[in-house]
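Working notes, beginning with the structure itself.
Everything quoted here is computed from the prediction, not taken from an experiment. No hydrogens, no waters, no symmetry mates; every other heavy atom, side chains included, goes into these values.
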Amino acid sequence: MLKYSLRENLLTAAPDDFMAQAQDVRSYTLDEIIDLMMQKGSTLTRADVAAVLQIYGEVCASLIADGSALNTPLVNTSLSISGVFNGANDSFDKKRHTVNLNMTAGTALKAAAGKIRCEKTGTASTDPYITEVKDVVSGKVNEVLTKGGVVQITGSRLKFDHKDAAQGIFFVPETGNPVRAAVIAENKPARLMAIIPADLEAGTYYIEVRTKMDTKGKALKTLKTGKFNKPLTVT
């Protein structure tokens, strides 16, 4: 069951347009998937299954690294190159060009997606809502964070009181304590800009905006949190 709530649709001018946002979507690790596979009653041992999946992943990665594409029931891939070439005699340059790995669902996943049942939960949320996180140094969107660089966050209901330590922009690691942005360059309802802490450890982070302000800038008693659910990588 896919649970969802409704939020204002910021892409249209109509004030009554809303869009769905998935809620409480659980992600499964490879170990958890293997556990579920073992519950099917396979004659293979857990070690056998783990080894097969390890080899499967290595072979798929090797094929991609060799410039090939995958066409499987789970996923289909293709490759493309972005960047400008200076004339017909120019060649690929990692400083100017990028190889893009494009992925689409295979037949099995497409069929599974068609079977998903949806359930609306609660009313439209009034929490901060993040639509995009841009790493200004690299120019990449919803992908990476450059330590010591600038992050630009767009959305709605984002403004907060920076003097209150409970409010602000927080970089939340998969494990460990959140790190609050100390330097804020812009603090508006639809856009925030801040310095990414230079001491962030390498790893995967999620961004949260926490505020006690309503849409009119008035103080609230309750802290509201908006989390950007796409993982961001700090290297």
Side-chain angles (χ1 to χ4, degrees), residues 1-11 17-29 32 116 118-138 140-147 149-197 199-215 217-235:
M1 182 72 71
L2 176 61
K3 297 182 179 181
Y4 70 94
S5 62
L6 297 181
R7 292 183 179 274
E8 301 101 316
N9 188 345
L10 303 178
L11 301 178
D17 283 357
F18 283 74
M19 60 186 294
Q21 182 178 31
Q23 301 289 332
D24 302 325
V25 177
R26 180 182 175 184
S27 61
Y28 286 82
T29 65
E32 290 173 326
I116 296 175
C118 297
E119 178 185 357
K120 183 179 177 182
T121 60
T123 58
S125 175
T126 59
D127 293 341
Y129 180 43
I130 302 172
T131 57
E132 179 182 284
V133 175
K134 180 178 181 180
D135 182 67
V136 176
V137 172
S138 67
K140 294 184 177 181
V141 175
N142 303 339
E143 293 184 30
V144 302
L145 296 170
T146 301
K147 292 188 288 186
V150 177
V151 63
Q152 176 181 285
I153 303 170
T154 55
S156 63
R157 300 182 295 276
L158 301 177
K159 190 173 183 179
F160 57 87
D161 181 1
H162 186 58
K163 296 179 181 179
D164 181 0
Q167 303 181 52
I169 301 170
F170 291 82
F171 301 85
V172 184
E174 290 187 310
T175 59
N177 298 320
V179 179
R180 183 174 182 261
V183 181
I184 305 299
E186 188 171 41
N187 186 0
K188 296 180 179 179
R191 187 171 71 177
L192 305 174
M193 296 185 72
I195 302 297
I196 301 170
D199 57 353
L200 283 183
E201 297 182 359
T204 299
Y205 287 79
Y206 296 88
I207 282 187
E208 288 184 359
V209 173
R210 304 174 185 176
T211 182
K212 288 185 178 179
M213 299 180 68
D214 65 12
T215 55
K218 295 182 179 180
L220 301 171
K221 294 181 179 180
T222 304
L223 183 69
K224 295 189 175 184
T225 300
K227 180 179 179 180
F228 192 60
N229 289 319
K230 292 184 179 180
L232 305 169
T233 302
V234 175
T235 56

### For Ala181 against Ala194, the heavy-atom pair lying closest together
CB-CB, 4.1 Å
### Query
So do Leu158 and Pro189 actually touch side chain to side chain, heavy atoms under 4.5 Å?
no
### Task
Nearest 0.5 Å please: distance from the NZ atom of Lys120 over to the CG atom of Leu2.
14.0 Å
### Query
Are side-chain heavy atoms of Met213 and Arg157 found at a separation under 4.5 Å?
no
### Query
Taking side chain as C-beta onward, heavy atoms only, is Val136 less than 4.5 Å from Val151?
no
### Task
Start with the C-alpha gap between Leu232 and Ile207, add the side-chain angles, then the distance that decides, and say whether side-chain contact (heavy atoms from CB on, under 4.5 Å) holds.
CA-CA 8 Å; Leu232 305 169; Ile207 282 187; 3.8 Å; yes
### Spatial distance of atom CE (Met1) from atom OG1 (Thr121) [nearest 0.5 Å]
11.0 Å
### Task
Work out which heavy atom in Glu132 is nearest to a heavy atom in Phe228; give both atom names and the distance.
N-CE1, 4.2 Å
### Query
Between Lys227 and Tyr206, is NZ or CZ placed under 6.0 angstrom from the six-membered ring centre and within 45° of the ring axis?
yes
### Message
side-chain contact (heavy atoms from CB on, under 4.5 Å), that's the test. Do Arg210 and Phe160 meet it? Break it down for me.
### Response
CA-CA 7 Å; Arg210 304 174 185 176; Phe160 57 87; over 6 Å; no
### Query
Does any non-hydrogen side-chain atom of Gln152 lie less than 4.5 Å from one of Thr154?
yes
### Query
So, does His162 use its side chain to make a donor-acceptor pair with the main chain of Val183 at under 3.5 Å?
no
### Task
State, yes or no, whether a side-chain contact exists between Arg191 and Glu186 at a heavy-atom distance under 4.5 Å.
yes
### Message
Side chains of Thr211 and Asp161, heavy atoms from C-beta outward: is any pair under 4.5 Å?
### Response
no
### Query
Nearest 0.5 Å, what's the CG-CG distance between Asn142 and Asn229?
11.5 Å
### Task
Go through Lys159 and Lys188 one step at a time and tell me if the side-chain contact (heavy atoms from CB on, under 4.5 Å) criterion holds.
CA-CA 5 Å; Lys159 190 173 183 179; Lys188 296 180 179 179; 5.9 Å; no
### Task
Decide whether Ser5 and Gln23 meet the rule of one side-chain donor and one side-chain acceptor closer than 3.5 Å.
yes
### Message
Just verifying a value: how many Å separate Thr225 OG1 and Gln167 CD, rounded to the nearest 0.5 Å?
### Response
10.0 Å
#### Entry: Non-hydrogen atoms of Pro231 and Thr204 that approach each other most closely
CB-CG2, 3.5 Å
### Message
Is any side-chain heavy atom of Pro128 closer than 4.5 Å to one of Lys224?
### Response
yes
### Message
Can you tell me how far apart CE (Met193) and CD1 (Ile153) are? Round to the nearest 0.5 Å.
### Response
10.0 Å
### Query
Does the side chain of Glu119 come within less than 4.5 Å of Tyr4's, by heavy atoms?
no
### Message
Could you go through Arg26 and Glu32, starting from their C-alpha distance and side-chain angles, then the distance that decides it, and tell me whether this counts as side-chain contact (heavy atoms from CB on, under 4.5 Å)?
### Response
CA-CA 12 Å; Arg26 180 182 175 184; Glu32 290 173 326; 3.1 Å; yes
### Task
Kindly confirm or rule out a cation-pi arrangement of Arg180 over Phe171, judged by NZ or CZ under 6.0 Å from the six-membered ring centre and within 45° of its axis?
no
### Message
Please enumerate all residues that pass side-chain contact (heavy atoms from CB on, under 4.5 Å) together with Val234, with sequence neighbours excluded.
### Response
Leu145, Lys147, Leu200, Tyr205
### Asp135 side chain vs Thr146 backbone, donor-acceptor pair below 3.5 Å
yes
